[in-house]
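The chains referred to below are lettered A, B, ... by the order of the sequence lines, with proteins before strands, and numbering in each begins at 1. None of these values were measured; they are calculated from a predicted model.
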Amino acid sequence: MISVEEEAERLSRGAVDVLPVGELCQRVAQARARGRPLRVKFGADPSAPDLHLGHAVVLRKLAEFQEHGHEVVFLIGDFTGMIGDPTGKSETRPALTREQVGENARSYREQVFRILDRERTVVRFNSEWMEAMRAADVIGLGAQMTVARMVERDDFARRLAEGRPIGIHEFLYPLVQGYDSVALEADVEVGGTDQRFNLLVGRDLQKAWGQPQQVVLTMPLLEGTDGKQKMSKSLGNAIGVTDEPDTIFGRTMSIPDPLVARWAALLGFEAVIGKPGDLGPMEAKKGLAEALASWLCGAEAASQARIRFERRFQNREAFEPELREIPVTEDLTLVRMLVQLGFATSGAEARRLIAQGAVRIGEERAAEPGQAFRAGEEILLSVGRRRLARVRLILSIQPLDDSKRGR
RNA sequence: GCAGGAGUGCCCGAGUUGGUCAAUGGGAGCAGACUGUAAAUCUGCCGGCGUAAGCCUUCAGAGGUUCAAAUCCUCUCUCCUGCACCA
(Lines give C-alpha, C1' and ligand atoms only; values in the text may rest on other atoms or scores of the structure.)
Protein backbone atom coordinates (compact mmCIF):
# COMPACT_ATOMS: atom_id res chain seq x y z
CA MET A 1 0.00 0.00 0.00
CA ILE A 2 1.22 3.46 -0.81
CA SER A 3 1.83 6.01 1.88
CA VAL A 4 -0.82 8.44 3.01
CA GLU A 5 1.18 11.31 1.58
CA GLU A 6 1.53 9.56 -1.73
CA GLU A 7 -2.18 8.87 -1.91
CA ALA A 8 -3.11 12.44 -1.08
CA GLU A 9 -0.64 13.70 -3.62
CA ARG A 10 -2.13 11.52 -6.34
CA LEU A 11 -5.63 12.50 -5.44
CA SER A 12 -4.86 16.17 -5.64
CA ARG A 13 -2.91 15.94 -8.86
CA GLY A 14 -4.44 18.05 -11.61
CA ALA A 15 -6.72 19.91 -9.21
CA VAL A 16 -6.83 23.67 -9.27
CA ASP A 17 -7.44 23.95 -5.57
CA VAL A 18 -7.48 21.60 -2.66
CA LEU A 19 -8.99 23.55 0.18
CA PRO A 20 -7.75 23.74 2.76
CA VAL A 21 -4.31 22.77 1.62
CA GLY A 22 -3.00 19.78 3.49
CA GLU A 23 -6.27 18.65 4.94
CA LEU A 24 -6.79 15.97 2.36
CA CYS A 25 -3.78 14.19 3.74
CA GLN A 26 -5.26 14.19 7.23
CA ARG A 27 -8.57 12.89 5.98
CA VAL A 28 -6.92 10.07 4.13
CA ALA A 29 -5.00 9.14 7.24
CA GLN A 30 -8.16 9.31 9.31
CA ALA A 31 -10.04 7.12 6.89
CA ARG A 32 -7.35 4.51 7.06
CA ALA A 33 -7.27 4.63 10.84
CA ARG A 34 -10.99 4.11 11.04
CA GLY A 35 -11.05 1.54 8.34
CA ARG A 36 -13.72 3.27 6.33
CA PRO A 37 -13.40 4.94 2.97
CA LEU A 38 -13.78 8.64 2.36
CA ARG A 39 -17.18 9.72 1.18
CA VAL A 40 -16.66 11.85 -1.89
CA LYS A 41 -19.59 13.96 -3.02
CA PHE A 42 -20.30 15.06 -6.54
CA GLY A 43 -23.39 17.08 -7.34
CA ALA A 44 -25.15 16.89 -10.67
CA ASP A 45 -27.79 19.04 -12.25
CA PRO A 46 -30.86 16.90 -12.88
CA SER A 47 -31.87 18.58 -16.11
CA ALA A 48 -28.82 17.98 -18.26
CA PRO A 49 -28.03 14.32 -18.52
CA ASP A 50 -25.72 14.80 -21.47
CA LEU A 51 -22.32 14.30 -20.03
CA HIS A 52 -19.33 15.36 -22.05
CA LEU A 53 -15.58 15.38 -21.67
CA GLY A 54 -15.78 18.49 -19.51
CA HIS A 55 -17.71 16.51 -16.92
CA ALA A 56 -15.34 13.64 -17.52
CA VAL A 57 -12.48 15.66 -16.07
CA VAL A 58 -14.24 15.67 -12.73
CA LEU A 59 -15.57 12.14 -13.08
CA ARG A 60 -12.10 10.86 -13.77
CA LYS A 61 -10.94 12.45 -10.56
CA LEU A 62 -13.77 10.70 -8.75
CA ALA A 63 -12.76 7.44 -10.36
CA GLU A 64 -9.29 7.95 -8.96
CA PHE A 65 -10.74 8.24 -5.49
CA GLN A 66 -12.51 4.98 -6.12
CA GLU A 67 -9.30 3.35 -7.26
CA HIS A 68 -7.96 4.20 -3.86
CA GLY A 69 -10.91 2.51 -2.25
CA HIS A 70 -13.07 5.52 -1.55
CA GLU A 71 -16.78 5.88 -2.06
CA VAL A 72 -18.43 8.32 -4.41
CA VAL A 73 -21.82 9.80 -3.70
CA PHE A 74 -23.35 10.88 -6.96
CA LEU A 75 -25.89 13.43 -5.87
CA ILE A 76 -28.64 14.39 -8.24
CA GLY A 77 -30.01 17.81 -7.35
CA ASP A 78 -33.58 17.00 -8.22
CA PHE A 79 -34.98 19.35 -5.62
CA THR A 80 -32.98 22.33 -6.73
CA GLY A 81 -33.75 21.37 -10.29
CA MET A 82 -37.43 21.53 -9.62
CA ILE A 83 -37.18 25.15 -8.62
CA GLY A 84 -35.29 26.54 -11.55
CA ASP A 85 -31.94 27.67 -12.72
CA PRO A 86 -29.46 29.54 -10.55
CA THR A 87 -26.95 30.75 -13.09
CA GLY A 88 -29.03 33.62 -14.33
CA LYS A 89 -27.84 32.62 -17.74
CA SER A 90 -30.93 30.89 -18.87
CA GLU A 91 -34.49 31.68 -18.04
CA THR A 92 -36.11 29.84 -15.19
CA ARG A 93 -36.50 26.31 -16.33
CA PRO A 94 -39.79 24.57 -16.22
CA ALA A 95 -40.03 22.44 -13.14
CA LEU A 96 -39.14 18.86 -13.82
CA THR A 97 -41.69 16.25 -13.02
CA ARG A 98 -40.90 13.27 -10.90
CA GLU A 99 -40.98 11.12 -14.01
CA GLN A 100 -38.51 13.32 -15.82
CA VAL A 101 -36.20 13.29 -12.85
CA GLY A 102 -36.36 9.52 -12.77
CA GLU A 103 -35.71 9.31 -16.45
CA ASN A 104 -32.77 11.67 -16.21
CA ALA A 105 -31.37 9.75 -13.30
CA ARG A 106 -31.43 6.57 -15.33
CA SER A 107 -29.69 8.32 -18.14
CA TYR A 108 -27.09 9.66 -15.73
CA ARG A 109 -26.31 6.24 -14.39
CA GLU A 110 -25.84 4.89 -17.85
CA GLN A 111 -23.38 7.61 -18.74
CA VAL A 112 -21.60 7.96 -15.47
CA PHE A 113 -20.74 4.32 -15.13
CA ARG A 114 -18.65 4.47 -18.23
CA ILE A 115 -16.21 6.25 -16.00
CA LEU A 116 -17.11 5.49 -12.41
CA ASP A 117 -16.98 2.18 -10.63
CA ARG A 118 -20.52 1.02 -10.07
CA GLU A 119 -19.57 -0.88 -6.93
CA ARG A 120 -18.18 2.15 -5.21
CA THR A 121 -20.86 4.63 -6.18
CA VAL A 122 -24.02 5.57 -4.36
CA VAL A 123 -26.65 7.61 -6.18
CA ARG A 124 -28.71 9.95 -4.02
CA PHE A 125 -31.29 12.69 -4.58
CA ASN A 126 -31.43 15.86 -2.54
CA SER A 127 -35.22 15.83 -2.52
CA GLU A 128 -34.76 13.08 0.09
CA TRP A 129 -34.03 15.70 2.72
CA MET A 130 -35.00 18.97 1.08
CA GLU A 131 -38.64 18.05 0.69
CA ALA A 132 -38.94 17.53 4.38
CA MET A 133 -37.71 21.03 5.16
CA ARG A 134 -40.13 23.56 6.49
CA ALA A 135 -39.99 27.29 6.00
CA ALA A 136 -38.37 27.68 9.40
CA ASP A 137 -35.63 25.27 8.40
CA VAL A 138 -34.99 27.16 5.21
CA ILE A 139 -34.78 30.44 7.06
CA GLY A 140 -32.42 28.82 9.50
CA LEU A 141 -30.30 27.82 6.58
CA GLY A 142 -30.32 31.41 5.38
CA ALA A 143 -29.13 32.58 8.73
CA GLN A 144 -25.86 30.75 8.20
CA MET A 145 -24.79 33.06 5.43
CA THR A 146 -24.40 36.78 5.03
CA VAL A 147 -25.25 38.80 1.98
CA ALA A 148 -21.77 40.24 1.96
CA ARG A 149 -20.26 36.80 1.63
CA MET A 150 -22.80 35.67 -0.89
CA VAL A 151 -22.03 38.66 -3.01
CA GLU A 152 -18.38 37.68 -3.09
CA ARG A 153 -19.25 34.97 -5.51
CA ASP A 154 -17.91 35.95 -8.93
CA ASP A 155 -21.15 35.41 -10.71
CA PHE A 156 -23.11 37.54 -8.27
CA ALA A 157 -20.41 40.17 -7.98
CA ARG A 158 -20.34 40.58 -11.72
CA ARG A 159 -24.05 40.80 -12.08
CA LEU A 160 -24.29 43.27 -9.27
CA ALA A 161 -21.64 45.42 -10.91
CA GLU A 162 -23.38 45.26 -14.23
CA GLY A 163 -26.71 46.09 -12.71
CA ARG A 164 -28.22 42.83 -13.78
CA PRO A 165 -30.86 41.24 -11.62
CA ILE A 166 -30.28 38.60 -8.99
CA GLY A 167 -33.23 36.69 -7.64
CA ILE A 168 -33.34 36.11 -3.91
CA HIS A 169 -33.91 32.45 -4.54
CA GLU A 170 -30.57 32.36 -6.25
CA PHE A 171 -28.96 33.04 -2.91
CA LEU A 172 -30.59 29.88 -1.72
CA TYR A 173 -28.93 27.66 -4.24
CA PRO A 174 -25.47 27.60 -2.76
CA LEU A 175 -27.10 27.05 0.59
CA VAL A 176 -29.13 24.11 -0.55
CA GLN A 177 -26.15 22.68 -2.33
CA GLY A 178 -24.07 23.20 0.76
CA TYR A 179 -26.67 21.62 2.96
CA ASP A 180 -26.48 18.53 0.81
CA SER A 181 -22.97 18.09 2.16
CA VAL A 182 -24.37 18.23 5.68
CA ALA A 183 -27.05 15.68 4.88
CA LEU A 184 -24.52 13.37 3.29
CA GLU A 185 -21.77 14.04 5.80
CA ALA A 186 -19.39 14.35 2.89
CA ASP A 187 -15.67 14.09 3.55
CA VAL A 188 -14.65 15.50 0.20
CA GLU A 189 -16.50 17.33 -2.54
CA VAL A 190 -15.21 17.52 -6.06
CA GLY A 191 -16.39 19.92 -8.75
CA GLY A 192 -15.32 22.30 -11.49
CA THR A 193 -13.59 25.54 -10.57
CA ASP A 194 -16.86 27.33 -11.29
CA GLN A 195 -18.26 25.55 -8.25
CA ARG A 196 -15.59 26.71 -5.82
CA PHE A 197 -17.83 29.06 -3.92
CA ASN A 198 -20.68 26.61 -3.62
CA LEU A 199 -18.39 23.88 -2.45
CA LEU A 200 -16.98 26.15 0.21
CA VAL A 201 -20.47 26.93 1.46
CA GLY A 202 -20.73 23.22 2.16
CA ARG A 203 -17.82 23.56 4.56
CA ASP A 204 -19.43 26.48 6.36
CA LEU A 205 -22.68 24.67 6.82
CA GLN A 206 -21.04 21.51 8.02
CA LYS A 207 -19.21 23.56 10.59
CA ALA A 208 -22.48 25.14 11.70
CA TRP A 209 -23.95 21.68 12.09
CA GLY A 210 -20.98 20.53 14.08
CA GLN A 211 -19.63 18.22 11.45
CA PRO A 212 -16.11 17.81 10.20
CA GLN A 213 -15.71 20.07 7.18
CA GLN A 214 -15.34 18.53 3.78
CA VAL A 215 -12.22 18.98 1.74
CA VAL A 216 -12.96 20.91 -1.40
CA LEU A 217 -11.22 19.87 -4.56
CA THR A 218 -11.78 21.76 -7.80
CA MET A 219 -10.83 20.67 -11.26
CA PRO A 220 -10.10 22.91 -14.22
CA LEU A 221 -12.77 23.53 -16.82
CA LEU A 222 -12.03 21.88 -20.12
CA GLU A 223 -12.14 23.93 -23.29
CA GLY A 224 -14.38 22.67 -26.05
CA THR A 225 -13.35 21.51 -29.50
CA ASP A 226 -13.20 25.14 -30.61
CA GLY A 227 -10.37 25.69 -28.15
CA LYS A 228 -11.89 28.92 -26.96
CA GLN A 229 -14.90 28.50 -24.77
CA LYS A 230 -15.46 25.97 -22.08
CA MET A 231 -16.97 22.77 -23.29
CA SER A 232 -20.71 22.88 -23.33
CA LYS A 233 -23.37 21.04 -25.18
CA SER A 234 -25.20 24.21 -26.03
CA LEU A 235 -22.12 25.72 -27.64
CA GLY A 236 -21.79 22.70 -29.87
CA ASN A 237 -18.15 22.23 -28.95
CA ALA A 238 -18.59 19.16 -26.81
CA ILE A 239 -17.73 15.51 -27.16
CA GLY A 240 -20.25 13.39 -25.31
CA VAL A 241 -19.20 10.44 -23.23
CA THR A 242 -21.69 8.29 -25.08
CA ASP A 243 -20.70 9.44 -28.55
CA GLU A 244 -19.70 6.89 -31.15
CA PRO A 245 -16.01 6.02 -31.35
CA ASP A 246 -15.78 7.57 -34.81
CA THR A 247 -17.28 10.78 -33.49
CA ILE A 248 -14.96 10.88 -30.53
CA PHE A 249 -11.96 10.23 -32.72
CA GLY A 250 -12.98 12.65 -35.45
CA ARG A 251 -13.96 15.49 -33.21
CA THR A 252 -10.79 15.13 -31.23
CA MET A 253 -8.84 15.38 -34.47
CA SER A 254 -10.58 18.65 -35.19
CA ILE A 255 -9.38 20.42 -32.06
CA PRO A 256 -6.70 23.09 -32.42
CA ASP A 257 -3.18 21.70 -31.93
CA PRO A 258 -2.29 23.77 -28.88
CA LEU A 259 -5.20 22.20 -27.07
CA VAL A 260 -3.90 18.64 -27.31
CA ALA A 261 -1.53 18.87 -24.38
CA ARG A 262 -4.13 20.44 -22.14
CA TRP A 263 -6.79 17.90 -22.96
CA ALA A 264 -4.34 15.10 -22.39
CA ALA A 265 -3.37 16.53 -19.04
CA LEU A 266 -6.89 17.15 -17.80
CA LEU A 267 -8.22 13.85 -18.98
CA GLY A 268 -5.27 11.87 -17.76
CA PHE A 269 -3.57 10.86 -20.97
CA GLU A 270 -0.28 12.71 -20.73
CA ALA A 271 1.50 9.43 -21.32
CA VAL A 272 -0.03 8.89 -24.74
CA ILE A 273 1.11 12.13 -26.26
CA GLY A 274 4.56 12.07 -24.70
CA LYS A 275 6.71 15.12 -24.30
CA PRO A 276 6.40 17.99 -26.72
CA GLY A 277 8.40 17.11 -29.76
CA ASP A 278 8.32 13.37 -29.20
CA LEU A 279 5.59 12.98 -31.75
CA GLY A 280 4.45 15.34 -34.44
CA PRO A 281 1.40 17.38 -33.52
CA MET A 282 -0.81 15.21 -35.67
CA GLU A 283 0.51 11.94 -34.27
CA ALA A 284 0.09 13.22 -30.76
CA LYS A 285 -3.46 14.20 -31.53
CA LYS A 286 -4.21 10.82 -33.01
CA GLY A 287 -2.84 9.21 -29.91
CA LEU A 288 -5.11 11.31 -27.77
CA ALA A 289 -8.09 10.65 -30.01
CA GLU A 290 -7.55 6.94 -29.83
CA ALA A 291 -6.99 7.02 -26.09
CA LEU A 292 -10.24 8.88 -25.55
CA ALA A 293 -12.19 6.56 -27.81
CA SER A 294 -10.61 3.59 -26.09
CA TRP A 295 -11.44 4.94 -22.65
CA LEU A 296 -15.09 5.46 -23.46
CA CYS A 297 -15.76 2.76 -26.02
CA GLY A 298 -13.08 0.13 -25.61
CA ALA A 299 -9.72 -0.50 -27.22
CA GLU A 300 -11.01 -2.48 -30.14
CA ALA A 301 -13.59 0.13 -31.17
CA ALA A 302 -10.97 2.82 -30.78
CA SER A 303 -8.42 1.22 -33.03
CA GLN A 304 -11.13 0.61 -35.61
CA ALA A 305 -12.11 4.25 -35.40
CA ARG A 306 -8.51 5.24 -35.99
CA ILE A 307 -8.18 3.00 -39.00
CA ARG A 308 -11.40 4.28 -40.48
CA PHE A 309 -10.34 7.85 -39.90
CA GLU A 310 -7.00 7.36 -41.57
CA ARG A 311 -8.48 5.65 -44.56
CA ARG A 312 -11.36 7.95 -44.96
CA PHE A 313 -9.87 11.35 -44.37
CA GLN A 314 -6.17 10.97 -44.78
CA ASN A 315 -5.85 8.50 -47.58
CA ARG A 316 -9.15 9.55 -49.06
CA GLU A 317 -9.97 5.96 -49.65
CA ALA A 318 -13.41 4.94 -50.55
CA PHE A 319 -15.11 3.50 -47.55
CA GLU A 320 -18.42 1.93 -46.89
CA PRO A 321 -20.82 4.64 -45.82
CA GLU A 322 -23.80 4.20 -43.63
CA LEU A 323 -26.82 2.82 -45.44
CA ARG A 324 -29.90 4.97 -45.10
CA GLU A 325 -33.26 3.85 -46.31
CA ILE A 326 -35.98 6.32 -47.12
CA PRO A 327 -39.53 5.15 -47.63
CA VAL A 328 -41.15 6.94 -50.53
CA THR A 329 -44.51 6.88 -52.23
CA GLU A 330 -43.54 9.14 -55.08
CA ASP A 331 -40.43 10.55 -56.64
CA LEU A 332 -38.23 12.41 -54.23
CA THR A 333 -36.30 15.52 -55.19
CA LEU A 334 -32.70 15.97 -54.19
CA VAL A 335 -33.65 18.86 -51.95
CA ARG A 336 -36.22 16.83 -50.05
CA MET A 337 -33.82 13.95 -49.74
CA LEU A 338 -31.13 16.11 -48.16
CA VAL A 339 -33.63 17.37 -45.64
CA GLN A 340 -34.94 13.90 -44.85
CA LEU A 341 -31.45 12.62 -44.26
CA GLY A 342 -30.79 15.50 -41.91
CA PHE A 343 -27.98 16.70 -44.16
CA ALA A 344 -29.72 20.06 -44.40
CA THR A 345 -32.06 21.68 -41.91
CA SER A 346 -34.34 23.17 -44.52
CA GLY A 347 -34.98 23.06 -48.21
CA ALA A 348 -33.44 26.48 -48.56
CA GLU A 349 -30.25 25.29 -46.93
CA ALA A 350 -30.20 22.21 -49.13
CA ARG A 351 -30.42 24.45 -52.17
CA ARG A 352 -27.60 26.59 -50.93
CA LEU A 353 -25.40 23.57 -50.40
CA ILE A 354 -26.14 22.40 -53.91
CA ALA A 355 -25.47 25.83 -55.34
CA GLN A 356 -22.13 25.90 -53.55
CA GLY A 357 -21.06 22.60 -54.96
CA ALA A 358 -21.07 20.78 -51.65
CA VAL A 359 -23.37 18.00 -52.72
CA ARG A 360 -22.10 15.00 -54.63
CA ILE A 361 -23.94 12.08 -56.08
CA GLY A 362 -21.35 9.41 -56.51
CA GLU A 363 -18.39 11.32 -57.85
CA GLU A 364 -20.45 13.96 -59.59
CA ARG A 365 -21.30 17.33 -58.20
CA ALA A 366 -25.02 17.78 -58.10
CA ALA A 367 -26.30 20.92 -59.73
CA GLU A 368 -30.03 20.37 -60.02
CA PRO A 369 -32.01 20.95 -56.81
CA GLY A 370 -35.04 19.49 -58.48
CA GLN A 371 -33.37 16.32 -59.60
CA ALA A 372 -35.77 13.52 -58.77
CA PHE A 373 -35.16 9.99 -57.60
CA ARG A 374 -37.58 7.15 -57.61
CA ALA A 375 -38.22 4.14 -55.47
CA GLY A 376 -35.71 1.37 -55.94
CA GLU A 377 -32.84 3.70 -56.69
CA GLU A 378 -29.71 3.56 -54.62
CA ILE A 379 -27.17 6.34 -54.69
CA LEU A 380 -24.05 7.47 -52.91
CA LEU A 381 -24.73 10.92 -51.56
CA SER A 382 -22.34 13.24 -49.79
CA VAL A 383 -22.43 16.78 -48.47
CA GLY A 384 -19.14 18.40 -47.76
CA ARG A 385 -16.55 16.09 -46.32
CA ARG A 386 -18.37 15.00 -43.25
CA ARG A 387 -21.79 13.94 -44.29
CA LEU A 388 -22.07 10.89 -46.44
CA ALA A 389 -24.52 8.04 -46.88
CA ARG A 390 -25.57 5.34 -49.24
CA VAL A 391 -29.21 6.09 -49.79
CA ARG A 392 -31.76 3.54 -50.80
CA LEU A 393 -35.29 4.55 -51.67
CA ILE A 394 -37.83 2.02 -50.59
CA LEU A 395 -41.29 1.98 -52.04
CA SER A 396 -43.82 2.49 -49.31
CA ILE A 397 -47.47 1.60 -49.71
CA GLN A 398 -48.80 3.63 -46.81
CA PRO A 399 -48.18 7.34 -46.91
CA LEU A 400 -46.16 8.18 -43.82
CA ASP A 401 -46.77 11.86 -44.03
CA ASP A 402 -49.39 12.93 -41.52
CA SER A 403 -50.55 15.78 -43.66
CA LYS A 404 -51.65 13.36 -46.30
CA ARG A 405 -53.43 11.11 -43.90
CA GLY A 406 -57.17 11.17 -43.36
CA ARG A 407 -57.96 13.99 -45.70
C1' G B 1 -46.20 52.92 -6.92
C1' C B 2 -43.81 57.36 -9.63
C1' A B 3 -40.30 59.07 -13.39
C1' G B 4 -37.05 57.93 -17.34
C1' G B 5 -34.77 54.25 -20.79
C1' A B 6 -34.94 49.76 -23.59
C1' G B 7 -36.95 45.09 -26.22
C1' U B 8 -34.27 43.78 -33.88
C1' G B 9 -32.57 37.54 -37.22
C1' C B 10 -28.34 31.72 -33.30
C1' C B 11 -25.51 35.75 -30.23
C1' C B 12 -23.86 40.90 -30.11
C1' G B 13 -25.50 45.00 -32.44
C1' A B 14 -26.90 49.11 -36.70
C1' G B 15 -31.25 51.08 -38.42
C1' U B 16 -36.84 54.77 -35.86
C1' U B 17 -37.10 62.78 -40.82
C1' G B 18 -42.26 55.83 -42.95
C1' G B 19 -40.99 53.19 -48.91
C1' U B 20 -34.57 51.71 -52.11
C1' C B 21 -35.26 46.43 -45.28
C1' A B 22 -35.37 39.68 -45.13
C1' A B 23 -33.26 44.32 -42.77
C1' U B 24 -25.56 47.52 -42.31
C1' G B 25 -21.57 45.35 -39.36
C1' G B 26 -19.14 41.74 -36.09
C1' G B 27 -19.15 36.78 -33.87
C1' A B 28 -20.71 31.81 -34.32
C1' G B 29 -22.03 28.34 -38.07
C1' C B 30 -21.98 25.99 -43.07
C1' A B 31 -19.69 25.41 -47.90
C1' G B 32 -15.56 26.10 -51.69
C1' A B 33 -9.91 26.65 -52.33
C1' C B 34 -5.61 25.34 -49.42
C1' U B 35 -4.60 21.43 -45.60
C1' G B 36 -3.06 17.21 -41.22
C1' U B 37 -11.45 16.86 -40.68
C1' A B 38 -5.34 21.52 -37.03
C1' A B 39 -4.12 26.70 -37.34
C1' A B 40 -3.82 30.85 -40.57
C1' U B 41 -5.65 32.87 -45.19
C1' C B 42 -8.95 33.88 -49.40
C1' U B 43 -14.09 33.31 -51.36
C1' G B 44 -19.29 32.42 -51.00
C1' C B 45 -23.61 31.44 -48.10
C1' C B 46 -26.09 32.23 -43.67
C1' G B 47 -35.68 33.28 -42.38
C1' G B 48 -39.07 29.75 -45.04
C1' C B 49 -41.46 27.59 -49.58
C1' G B 50 -40.18 27.04 -54.68
C1' U B 51 -36.50 23.82 -60.68
C1' A B 52 -37.36 28.93 -61.54
C1' A B 53 -39.97 33.42 -61.79
C1' G B 54 -41.78 34.57 -57.57
C1' C B 55 -44.39 34.13 -53.11
C1' C B 56 -44.83 33.86 -47.71
C1' U B 57 -43.51 34.98 -42.57
C1' U B 58 -40.15 38.08 -39.44
C1' C B 59 -37.71 43.49 -36.06
C1' A B 60 -41.41 41.78 -27.66
C1' G B 61 -47.23 40.95 -28.16
C1' A B 62 -52.14 42.82 -29.80
C1' G B 63 -54.66 46.47 -32.37
C1' G B 64 -54.62 51.14 -35.42
C1' U B 65 -53.05 55.16 -39.07
C1' U B 66 -51.18 54.78 -44.26
C1' C B 67 -51.12 53.11 -51.07
C1' A B 68 -46.80 51.52 -47.84
C1' A B 69 -44.25 50.64 -40.95
C1' A B 70 -38.70 47.64 -37.63
C1' U B 71 -39.55 52.91 -38.23
C1' C B 72 -45.98 56.91 -36.51
C1' C B 73 -50.32 56.15 -32.69
C1' U B 74 -52.88 53.12 -28.64
C1' C B 75 -52.92 49.23 -25.21
C1' U B 76 -50.31 44.95 -23.05
C1' C B 77 -46.01 42.19 -21.50
C1' U B 78 -40.80 42.00 -20.08
C1' C B 79 -36.18 44.13 -18.63
C1' C B 80 -33.01 48.20 -16.97
C1' U B 81 -31.97 52.98 -14.21
C1' G B 82 -33.38 56.49 -10.43
C1' C B 83 -36.85 57.77 -6.57
C1' A B 84 -40.07 55.84 -3.11
C1' C B 85 -41.34 51.72 0.15
C1' C B 86 -38.63 49.09 4.34
C1' A B 87 -41.03 54.08 10.77
Enquirer: If you write RNA chain B from 5' to 3' in dot-bracket form, with Watson-Crick or G-U pairs under 3.5 Å, [ ] for crossing pairs and | for pairs with another strand, what do you get?
Expert: ((((((((.[[[..)...(.....]]].(((((.......))))).(((....)))...[[[[[..)....]]]]])))))))....
Enquirer: For the C1' atoms, the ones on A22(B) and on C75(B), what distance do you get once it is rounded to whole angstrom?
Expert: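 Rounded to whole Å, the distance is 28 Å.
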Enquirer: Using atom NZ of K286(A) as one end and atom P of A38(B) as the other, report the distance to the nearest whole Å.
Expert: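 So the NZ-P distance, K286(A) to A38(B), works out to 13 Å.
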Enquirer: Expressed in whole Å, how much space separates the P atoms belonging to A70(B) and A60(B)?
Expert: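 10 Å, rounded to whole Å.
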Enquirer: Students often get this wrong, so: under 4.0 angstrom with heavy atoms, is I255(A) touching a base, only sugar-phosphate, or nothing?
Expert: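 Since only primed, P, OP1 and OP2 atoms lie under 4.0 Å of I255(A), the category is sugar-phosphate.
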Enquirer: Under 4.0 Å between a side-chain nitrogen and a carboxylate oxygen: does that hold for K286(A) and E290(A)?
Expert: no
Enquirer: Establish, with yes or no, whether the OP1 or OP2 oxygen of A31(B) is under 4.0 angstrom from a side-chain nitrogen or oxygen of R385(A).
Expert: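 For A31(B), OP1/OP2 do not have a side-chain N/O of R385(A) under 4.0 Å.
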Enquirer: So, does R387(A) get its side chain near the phosphate of C30(B), meaning an N or O under 4.0 Å from OP1 or OP2?
Expert: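 No, outside the criterion.
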Enquirer: Between G63(B) and C79(B), how far apart are the two P atoms, rounded to whole Å?
Expert: 23 Å
Enquirer: Consider the side chain of M282(A), meaning its heavy atoms from C-beta on, and name the nucleotide among C30(B), G36(B), U37(B) that approaches it most closely.
Expert: G36(B)
Enquirer: Among U37(B), G36(B), A39(B), which nucleotide sits nearest the side chain of P256(A)?
Expert: A39(B)
Enquirer: I want to confirm an ordering. Mapping D257(A) and G347(A) to their closest nucleotides on RNA chain B, which one lands closer to the 5' end?
Expert: D257(A)
Enquirer: Using heavy-atom distances to pick each residue's nearest nucleotide on RNA chain B, tell me which of V339(A) and R365(A) is more 5'.
Expert: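 In this pair, the answer is R365(A).
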Enquirer: Between G61(B) and U57(B), how far apart are the two P atoms, rounded to whole Å?
Expert: 15 Å
Enquirer: Is it the case that the side chain of Q206(A) and the backbone of A186(A) share a donor-acceptor pair, with hydrogens and angles ignored and the cut-off at 3.5 Å?
Expert: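 Yes; judged by distance alone, with no hydrogens or angles, the pair exists.
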Enquirer: Any carboxylate oxygen within less than 4.0 angstrom of a Lys/Arg side-chain nitrogen, looking at E189(A) and R27(A)?
Expert: no
Enquirer: Take the protein atom CG of L332(A) and the nucleotide atom C1' of U51(B), then report the distance between them rounded to whole Å.
Expert: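 Rounding to the nearest Å, CG of L332(A) and C1' of U51(B) are 15 Å apart.
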Enquirer: Taking the C1' atom of each, how far is U74(B) from C85(B), in whole Å?
Expert: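 These two C1' atoms come out 31 Å apart once rounded.
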Enquirer: For F65(A) and V190(A), work out which heavy atoms get closest and say how close.
Expert: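 Closest approach of F65(A) to V190(A): CE1-CG2, 4.2 Å.
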Enquirer: Considering only NZ, NE, NH1 and NH2 on the basic side and carboxylate oxygens on the acidic side, decide whether D137(A) and R134(A) come within less than 4.0 Å.
Expert: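 Looking at D137(A) and R134(A), the cut-off is met.
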Enquirer: Using 30° and 60° as the class limits, which term best fits the ring planes of Y108(A) and F74(A): parallel, tilted or perpendicular?
Expert: perpendicular
Enquirer: Salt bridge check: are R374(A) and D331(A) linked by an N-O gap of less than 4.0 Å?
Expert: yes
Enquirer: Rounding to an integer number of angstrom, what distance separates G47(B) and A23(B) when you compare their P atoms?
Expert: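 Approximately 9 Å lies between the P atom of G47(B) and that of A23(B).
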Enquirer: Assess whether a salt bridge exists between D204(A) and R149(A), defined as any Lys/Arg side-chain N lying under 4.0 Å from an Asp/Glu carboxylate O.
Expert: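 Answer for the salt bridge query: yes.
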Enquirer: Atom CD1 of I354(A) and atom C1' of U51(B): how far apart are they, to the nearest Å?
Expert: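 Taking CD1 of I354(A) and C1' of U51(B), I get 10 Å after rounding.
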Enquirer: Could you measure between the two P atoms, the one in A39(B) and the one in G7(B), and give it in whole Å?
Expert: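 That atom pair is separated by 36 Å.
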Enquirer: Separation of E349(A) atom CD from G48(B) atom C1', in whole Å?
Expert: 12 Å
Enquirer: In whole Å, I'd like the distance from the CD atom of Q371(A) to the P atom of U51(B).
Expert: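 For the pair Q371(A) CD and U51(B) P, the rounded distance is 13 Å.
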Enquirer: Identify whether any heavy atom of G250(A) sits under 4.0 Å from a base atom; if not, whether one sits that close to sugar-phosphate; answer base, sugar-phosphate or nothing.
Expert: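 Answer is base: heavy atoms of G250(A) come under 4.0 Å of a base.
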Enquirer: What is the distance, to the nearest angstrom, from the CG atom on L288(A) to the C1' atom on A38(B)?
Expert: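 Value for this atom pair: 13 Å.
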Enquirer: Quick one: L334(A) CG to U51(B) C1', roughly how many Å, whole number?
Expert: 11 Å
Enquirer: So, for Y179(A) and W209(A), is the gap between ring centers shorter than 6.0 Å?
Expert: yes
Enquirer: Pick the P atom in A87(B) and in A6(B), then give their distance to the nearest Å.
Expert: 35 Å
Enquirer: Does the pair R203(A)/E23(A) count as a salt bridge with the N-to-O cut at 4.0 Å?
Expert: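 Salt bridge present between R203(A) and E23(A).
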Enquirer: Decide, yes or no, whether a salt bridge links R106(A) with E110(A) under the criterion of side-chain N to carboxylate O below 4.0 Å.
Expert: no
Enquirer: Just N and O in the side chain of R251(A): are any of them under 4.0 Å from OP1 or OP2 of U37(B)?
Expert: no
Enquirer: D226(A) has an atom CG; how far is it from atom P of C30(B), in whole Å?
Expert: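 Interatomic distance, CG of D226(A) to P of C30(B): 11 Å.
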Enquirer: Can you pull every protein N or O that's under 3.5 Å from an N or O on nucleotides 44-47 of chain B?
Expert:
from, atom 1, to, atom 2, distance (Å)
G44(B), N2, Q356(A), OE1, 2.8
G44(B), N2, Q356(A), NE2, 3.4
G44(B), N3, Q356(A), OE1, 2.9
C45(B), O4', Q356(A), OE1, 3.3

Enquirer: The side chain of K285(A) is closest to which nucleotide in this list: A31(B), A52(B), G36(B)?
Expert: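 The answer is G36(B).
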